[in-house]
Amino acid sequence: MKRVVGSPGTWSGMALRVSQCVFAAASAAAMSSAFGSLNYSAYFYLDTALVLQFLWSMGFACQDIFALRNKKDLHAEPELVLLRVIGDWVLAILMFSGSCAAASVTIFFIKDVKFCAEYRRLPCGQFELSVALAFITWSLQAASSFSGLWLVVSFF
């Protein structure tokens with residue numbers, strides 16, 4: 001099956017990667033700028049996963065832009081596409097686990113022990129914002145992972 005360079009699939013893949021970069025950067029910035037966020041392992045793990053997500057997506061967004069600009073076909077070698085899909089799945093799992101862990105700590109602080117009401121210096125609003133943006137990043141990563149999976153299946 002010959003892929004047409006500049007097809008809507010290439011453009012949508014690039015849009016997914018750029019969106020992942022934007023949301024991962026926003027979530028990491030919200031978490032990193034929150035006072036005391038690195039004191040909690042779930043937040044530190046999420047921040048690390050977000051930085052990895054940003055770097056991974058930025059690299060492939062640049063590769064997609066280069067391919068569109070120079071009319072290259074990124075889907076010519078199935079082995080490279082398979083490695084890309086495996087990396088997407090690994091990052092999707094890291095993002096989901098980090099988002100869930102950070103969300104559980106945030107809910108624990110706000111609802112269970114009421115740390116946010118007692119300690120005003122704890123920026124629970126920033127924690128909530130970062131977790132929400134991380135879940136959006138994960139959903140975009142999951143969409144990218146599933147579309148990559150269908151592309152790998154189409155090779156065989």
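We count residues from 1, following the sequence as given. Not measured: the values here are computed from a predicted model.
- For the side-chain hydrogen bond (donor to acceptor under 3.5 Å, both in side chains) condition, the pairs that include at least one residue of residues 93-106, sequence neighbours left out, are Y43-T106, Y45-S97.
- In this structure, CD1 on I65 lies 5.5 Å from CE on M14, to the nearest 0.5 angstrom.
- Using cut-offs of 30° and 60° on the angle between ring planes, the pair F109 and Y40 is perpendicular.
- Applying the side-chain hydrogen bond (donor to acceptor under 3.5 Å, both in side chains) test to every pair with at least one member in residues 108-130, sequence neighbours left out, gives these pairs: S27-S130, S33-Q126.
- To the nearest 0.5 Å, atom OG of residue S19 and atom CD1 of residue I136 are 10.5 Å apart.
- Here the side chains of V105 and F127 are not in contact, with every heavy-atom distance at 4.5 Å or above.
- F108 is connected to M31 through a chain of hydrophobic side-chain contacts under 4.5 Å among Ile, Leu, Val, Met, Phe, Trp and Tyr, so both are in one cluster.
- With contacts defined as side-chain heavy-atom distances shorter than 4.5 Å, the pair N39/F44 does not qualify.
- No chain of hydrophobic side-chain contacts below 4.5 Å, direct or via other Ile, Leu, Val, Met, Phe, Trp or Tyr residues, connects L38 to L122.
- Across all their heavy atoms, A61 and V18 have their closest contact at CB-CG2, 4.1 Å.
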request  = Using the side chain to side chain contact (heavy atoms under 4.5 Å, CB included) rule, take Q141 and R17 through it: C-alpha gap first, then chi angles, then the decisive distance, then the call.
outcome  = CA-CA 8 Å; Q141 180 64 32; R17 295 293 182 184; 4.2 Å; yes

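- Using a 4.5 Å heavy-atom cutoff, the side chains of L151 and V85 are not in contact.
- Taking all atoms of both residues into account, the shortest heavy-atom contact from L46 to A134 is CD1-CB, 3.8 Å.
- Taking the side chain as every heavy atom from C-beta outward, Q53 and C21 never approach each other to under 4.5 Å.
- Using cut-offs of 30° and 60° on the angle between ring planes, the pair F135 and F96 is perpendicular.
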message = Would S32 and D47 count as a side chain to side chain contact (heavy atoms under 4.5 Å, CB included) here? Give the steps.
response = CA-CA 7 Å; S32 296; D47 204 30; 2.9 Å; yes

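- The shortest non-hydrogen separation linking Q20 to L140 is NE2-O, 3.1 Å.
- Using a 4.5 Å heavy-atom cutoff, the side chains of M58 and Q63 are not in contact.
- What you find for S147 and S144 is that their closest heavy atoms are OG-O, 3.0 Å.
- Side chains of W138 and F23 form no contact here, defined as non-hydrogen atoms less than 4.5 Å apart.
- V90 and I93 end up in different hydrophobic clusters when Ile, Leu, Val, Met, Phe, Trp and Tyr side chains are linked at under 4.5 Å.
- D88 contributes atom CG, which lies 9.5 Å from atom CG of L16 (distance to the nearest 0.5 angstrom).
- For the pair L50 and A28, the tightest heavy-atom approach, listed with the atom from each and the gap, is CD1-N, 3.7 Å.
- Both V131 and V113 are assigned to one and the same hydrophobic cluster, defined by single-linkage of ILVMFWY side chains at heavy-atom distances under 4.5 Å.
- When ring centroids are compared, W56 and F60 come within the 6.0 Å threshold.
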